[in-house]
Amino acid sequence: MLKAAGLAVLAVAVAAVAGVATQEERSMAAQPARTTPTPLPVKPTVKPTSTARPVVPTAATSKLYGAGQVAAVPCVLPRKRPSAKAELMGYARVALACMDRAWAPVIKRAGGSYWSLEIYPYDVVQLPLECAAARADTDAYYTSGRICFEWREYIDPDYPQQALVDFQDMLAHEYGHHVQQATNILDLYDNQAWKQTQAEQLESNRRMELQASCLGAAFLGANRAGFGLTGVRRDLWVYRTRHQGDEYNPRKVRDHGARVNFAYWTARAFASRNPASCNTFTATSKRVS
Ligand SMILES: [Zn+2]
């Protein structure tokens, strides 16, 4: 759908240029004796400047933003807080099934194609084949319908409540990437990357990552009751959203976004429960710094 929309815009642009050319030809034909060519009319264009932010228009015009709120779905998560790898996996499967049910109608309304994703735990000394792309500076990542997570990062006997909230938030964020994939936003983003400078690529990457967290927050906001994100546990979630971002990356690479912007996008979407709050691709550079 998005590619088709893009082509339609392109077609209109081509038609407009073609129209100008035809008019020009007519004017040339009417005055064949003139030696000085008629200057082309100056088109009122937006002057490109070096500070212009890179635009990824197709990701910015996705139908996802008009697909409506994420639903609250019945979700019975394990009561016991996970304290081992197998328990984390059991918890994740239930949580992801709830995300499937909540997101599937939104993806459908956005014209995307929905499919379930897979999840794999790993630890740094024992990388399963499915998680071979794991990096030392991330606790989890998404790739083509698959979540990989470093399971030991989500068990903390000293702060068990925070560890579980972190786990829920990680699943919601990675599922946000799955929504981007299902609605073609990830592919559209990839298509833009090759023609961007490194700085522009980093900014686009931040737009994508902040959007994944924003979409995750829309789900968690809609399902705050099922996920127990009320009262103190909601405060723990807010704490997490305010304490993540590039400031915490040991490599200091600016590819995910500043903590202030994680807080900004997630707070909006938690309240609205709507991907309409998550169009990071039309936001100012400051909002995706
Ligand atoms: Zn991510």
Side-chain angles (χ1 to χ4, degrees), residues 56 59-60 62 64 70 88 92 95-96 99-100 103 107 112 117-122 127 130-151 153-154 165-193 196 200-221 237 240-270 275 277-281 283 287-289:
V56 189
S62 169
L64 177 63
V70 184
L88 278 171
L96 292 177
M99 292 178 194
D100 282 345
W103 276 115
I107 291 168
L117 46 61
E118 299 172 334
I119 183 161
Y120 296 90
Y122 70 86
L127 279 182
E130 292 85 357
C131 302
R135 292 192 331 221
D137 61 345
T138 52
D139 297 336
Y141 69 94
Y142 173 88
T143 179
S144 306
R146 181 189 313 151
I147 295 174
C148 284
F149 72 101
E150 191 177 354
W151 66 272
E153 292 294 322
Y154 299 97
V165 169
D166 290 354
F167 191 56
Q168 292 177 333
D169 189 62
M170 178 276 286
L171 293 172
H173 169 97
E174 302 305 343
Y175 206 103
H177 285 310
H178 192 52
V179 175
Q180 290 173 322
Q181 173 99 65
T183 54
N184 214 21
I185 289 176
L186 271 193
D187 285 344
L188 295 169
Y189 159 79
D190 285 342
N191 290 346
Q192 294 287 326
Q196 294 180 329
E200 287 168 344
Q201 280 181 30
L202 282 172
E203 182 170 297
S204 290
N205 207 73
R206 293 196 297 272
R207 292 182 191 277
M208 186 185 66
E209 291 296 341
L210 287 164
Q211 181 174 81
S213 277
C214 187
L215 296 173
F219 169 84
L220 293 174
W237 178 76
R240 172 176 166 87
T241 65
R242 291 178 181 173
H243 294 84
Q244 61 177 296
D246 295 333
E247 290 93 336
Y248 302 92
N249 182 339
R251 294 187 303 137
K252 298 291 171 212
V253 179
R254 299 281 288 111
D255 60 353
H256 274 61
R259 51 178 273 189
V260 64
N261 283 323
F262 271 97
Y264 171 77
W265 290 101
T266 52
R268 277 160 55 99
F270 192 89
S277 305
C278 298
N279 195 344
T280 54
F281 290 94
R287 276 293 170 215
V288 293
S289 67

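All of these numbers come straight from a predicted model, not from anything done at the bench. When a ligand or atom number is given, it counts from 1 through the structure's own listing order.
Nearest to the Zn ion (ligand 1), among the N, O or S atoms that Glu209 has, is OE1.
Rounded to the nearest 10 degrees, the angle NE2 (His173) to the Zn ion (ligand 1) to NE2 (His177) equals 100°.
The Zn ion (ligand 1) has no N, O or S atom of Glu174 closer than 2.8 Å. His256 lies apart from the Zn ion (ligand 1) in this respect, since none of its N, O or S atoms is found at a distance under 2.8 Å.
Between the side chains of Arg135 and Tyr141, no donor N or O sits under 3.5 Å from an acceptor N or O.
Residue-environment remark: CZ (Arg242) stays at or below the threshold of 12 foreign heavy atoms within 6.0 Å.
Taking each heavy atom of Val165 and Arg240 in turn, the nearest pair found is O-CD, 4.5 Å. The two residues Tyr154 and Met170 make their nearest non-hydrogen contact at OH-CG, 3.2 Å.
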